[in-house]
Amino acid sequence: QIEQARKAVDAYEELIRTHSGDRTTLEMMGRELDETGQQQRDEQHRKLLFQGASYVWGAQARVISKIGIVYPSEKQGHINVATVGGFIDFRRLRPNIAWTMAKRDSNNDDGSLISNQQWVPLDPTQPTSDSPPLLRAFCSDPIPELRKVQSASEIRYELPEGEIGNTGALTCLIGMIMRDLPNHRTQENTHCSFSTRCEVPAELMNVDMYFHHSMGLTDPPTVRLNSNIDEYANSNGSAELPFHERLQDLGTSSVPRPAPEIPRYTQLVETMFSMLGCSLSNFRGYRVRIPFPAYPTSLEMRYPLHEH
């Protein structure tokens with residue numbers, strides 16, 4: 001029996017030398033072989049990534065928050081998408097760090113730009129069209145000063161260098177509406193997708209999407225996690241990463257589901273619907289929560305488009 005045990009150990013060590021070089025790497029290579037405790041193992045590794053990425057990049061946030069509301073456009077066969085997204089308790093860990101606080105773009109299935117994008121501020125009381133479309137009532141005080149960087153393919157809002165640590169911590173939420181997106185199958189597009197980027201190392205990502213009943217979605221949206229390292233890989237689908245978090249069906253209600261980690265969250269959702277002139281009870285909501293989301297990645301909710 002001792003000899004058999006020795007041979008088994010030798011065979012295991014040979015397996016390590018041949019395929020991985022060390023036990024830790026072998027365990028990571030075999031992660032999909034046993035689903036028991038997979039979600040906990042994923043979170044453990046992502047927490048290590050959060051700590052390392054915070055150190056390397058010099059910034060972190062307590063929460064990445066994204067709320068999306070999808071509702072019919074006045075243009076037949078099209079939809080509008082209202083979003084509020086940003087960082088809760090963002091802080092720099094080095095004094096020379098500037099950071100993109102929000103980015104907005106829209107693309108076809110192949111990654112090419114959708115033409116004639118119409119982004120407008122969610123808050124109709126925005127001072128000027130060039131001002132960052134902040135939801136000021138839900139940002140920290142003083143209001144973060146952002147600079148707008150616009151190109152042919154995207155709009156970005158950057159936070160300049162500033163104080164480090166808790167004394168420089170801030171909350172920044174940006175609200176926008178994209179109007180008149182096609183909601184029918186075309187040669188270029190077979191799915192409608194909504195992405196939330198993990199754009200900073202964070203302790204939690206909370207994503208809520210609300211879909212109007214008139215859209216006739218019979219099944220929940222599918223969810224996948226993509227790497228943001230290679231844009232080409234994203235466009236051809238090869239960047240999809242393993243994902244074991246659960247899609248929560250929030251159902252239909254006149255009262256928003258709380259998110260305890262986000263201050264005044266129910267009031268924030270109610271404010272969004274009020275600005276749009278919509279009733280929450282006419283929508284079905286879905287939520288995904290990811291502790292220590294991997295940076296840089298994007299969470300995608302999508303549903304198939306039907307013929308016009």
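Numbers here are sequence positions counted from 1. Computed from heavy atoms alone, side chains included, the values below leave out hydrogens, waters and symmetry copies. All values reported here derive from a predicted model rather than from experimental measurement.
When only modelled atom types and interatomic distance are considered, Asn226 and Glu300 share a side-chain donor-acceptor pair under 3.5 Å.
Taking both residues in full, the closest heavy atoms of Cys198 and Tyr295 are given as O-CD1, 3.2 Å, listed atom of the first, atom of the second, then distance. Between Gly175 and Val84, the shortest heavy-atom contact is CA-CG2, 3.9 Å. Residues Tyr210 and Gly285 come closest through the heavy atom pair CD2-CA, 3.6 Å. Here the closest non-hydrogen pair linking Ala61 and Val200 is CB-CG1, 3.8 Å. The shortest non-hydrogen separation linking Gly168 to Glu163 is CA-CB, 3.7 Å. Closest heavy-atom contact between Leu122 and Ala82: CD1-CB, 4.4 Å.
Residue Cys192 holds its SG atom at 4.0 Å from CD1 of Ile79, rounded to the nearest 0.5 Å. The SG atom of Cys278 lies 9.0 Å from the CG atom of Asn80; values are rounded to the nearest 0.5 Å. Going from atom CG of Leu48 over to atom NE2 of His45 covers 7.5 Å, rounded to the nearest 0.5 Å. Of the inter-residue distances, the one linking Ile262 atom CD1 with Ser65 atom OG reads 3.5 Å to the nearest 0.5 angstrom. Interatomic distance, CG of Leu204 versus CD of Glu261, reported as 5.0 Å (0.5 Å rounding). Atoms CG and CE, from Leu159 and Met101 in turn, are 5.0 Å apart once rounded to the nearest 0.5 Å.
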Q: Mind running side-chain contact (heavy atoms from CB on, under 4.5 Å) on Asp249 and Tyr286 for me, showing each step along the way?
A: CA-CA 5 Å; Asp249 187 344; Tyr286 296 92; 3.8 Å; yes

**Q.** Worked verdict on Ile174 versus Leu134 for side-chain contact (heavy atoms from CB on, under 4.5 Å)
**A.** CA-CA 4 Å; Ile174 288 178; Leu134 296 168; 3.7 Å; yes

Q: Begin with the C-alpha distance, continue with both residues' side-chain angles, and end with the deciding distance and a verdict on salt bridge (charged side-chain N to carboxylate O under 4.0 Å, His left out) for Glu43 and Arg41.
A: CA-CA 5 Å; Glu43 183 175 333; Arg41 289 196 297 273; over 6 Å; no

Q: Start with the C-alpha distance between Asn183 and His78, add both sets of side-chain angles, then the distance that settles side-chain hydrogen bond (donor to acceptor under 3.5 Å, both in side chains), and finish with yes or no.
A: CA-CA 5 Å; Asn183 193 42; His78 291 68; over 6 Å; no

Q) When you look at Ile290 and Arg46, which way does the side-chain contact (heavy atoms from CB on, under 4.5 Å) test go after all the steps? A) CA-CA 10 Å; Ile290 309 177; Arg46 292 198 309 263; 3.7 Å; yes

**Q.** Trace of the side-chain contact (heavy atoms from CB on, under 4.5 Å) decision for Tyr71 with Ile177
**A.** CA-CA 11 Å; Tyr71 61 103; Ile177 304 172; 3.7 Å; yes

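Side-chain atoms of Asp123 come within 3.5 Å of backbone N or O of Thr125 as a donor-acceptor pair. The main-chain N or O of Ala137 is found under 3.5 Å from a side-chain atom of Arg264 such that the two form a donor-acceptor pair. Looking only at distances, a side-chain donor or acceptor of Arg185 sits under 3.5 Å from a matching main-chain atom of Leu305. Of the possible donor and acceptor atoms, none in the side chain of Ser140 sits under 3.5 Å from a partner among the backbone N and O of Leu170. Under a 3.5 Å cut-off, the side chain of Thr100 and the backbone N or O of Ala102 do not form any donor-acceptor pair. Side-chain N or O atoms of Asn228 include one that pairs as donor or acceptor with a backbone N or O of Thr297 at under 3.5 Å. Looking at His184, its side chain does come within 3.5 Å of a backbone N or O of Gly77 through a donor-acceptor pair.
Residues Ile164 and Tyr55 fall into different hydrophobic clusters, defined by Ile, Leu, Val, Met, Phe, Trp and Tyr side chains chained together at heavy-atom separations under 4.5 Å. A chain of hydrophobic side-chain contacts below 4.5 Å, direct or via other Ile, Leu, Val, Met, Phe, Trp or Tyr residues, connects Val56 to Phe90. Residues Leu93 and Phe87 are members of separate hydrophobic clusters, defined by side-chain heavy-atom contacts under 4.5 angstrom among Ile, Leu, Val, Met, Phe, Trp and Tyr. Side-chain heavy atoms closer than 4.5 Å link hydrophobic residues (I, L, V, M, F, W, Y) into clusters, and following such links, possibly through other members, connects Val120 to Ile67.
By the 4.5 Å heavy-atom criterion applied to side chains, Pro263 and Ile88 are counted as neighbours. Looking only at side-chain heavy atoms (C-beta outward), Trp99 and Leu146 stay at 4.5 Å or farther from each other. Side-chain contact between Gln248 and Arg257 is present, with at least one heavy-atom pair separated by less than 4.5 Å. Two residues are said to be in side-chain contact when any heavy atoms from C-beta on lie closer than 4.5 Å; Glu199 and Pro296 fail this criterion. Side-chain contact between Met209 and Arg287 is absent, with no heavy atoms from C-beta onward closer than 4.5 Å. Lys66 is listed as a side-chain neighbour of Thr83, based on a closest heavy-atom distance under 4.5 Å. Within the 4.5 Å cutoff, side-chain heavy atoms of Asp180 are placed close to those of Ser73. Between Pro256 and Leu280 the shortest side-chain heavy-atom distance falls below 4.5 Å.
The pair Glu158-Arg147 meets the salt-bridge criterion, with a side-chain N (NZ, NE, NH1 or NH2) lying under 4.0 Å from an Asp/Glu carboxylate O.
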Between side-chain atoms of residues 270-277 and protein atoms elsewhere (two or more places apart, or another chain), which donor-acceptor pairs fall under 3.5 Å?
unit_1: Thr271; atom_1: OG1; unit_2: Gln267; atom_2: O; d: 2.8

Distance-only check: which donor-acceptor pairs under 3.5 Å involve side-chain atoms of residues 213-220, not counting sequence neighbours?
unit_1: His213; atom_1: NE2; unit_2: Thr252; atom_2: OG1; d: 3.3
unit_1: Ser214; atom_1: OG; unit_2: His212; atom_2: ND1; d: 2.8

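Cluster note: Leu49 groups with no other residue, as no ILVMFWY side-chain heavy atom lies under 4.5 Å from it.
Between Tyr303 and Phe194, the ring planes are tilted. Angles from 30° to 60° get that label. A tilted orientation is assigned to the rings of Phe50 and Phe292, their planes being inclined by 30° to 60°.
Shown are Leu247, Thr196, Val70; of these, the side-chain contact (heavy atoms from CB on, under 4.5 Å) with Met301 is made only by Leu247.
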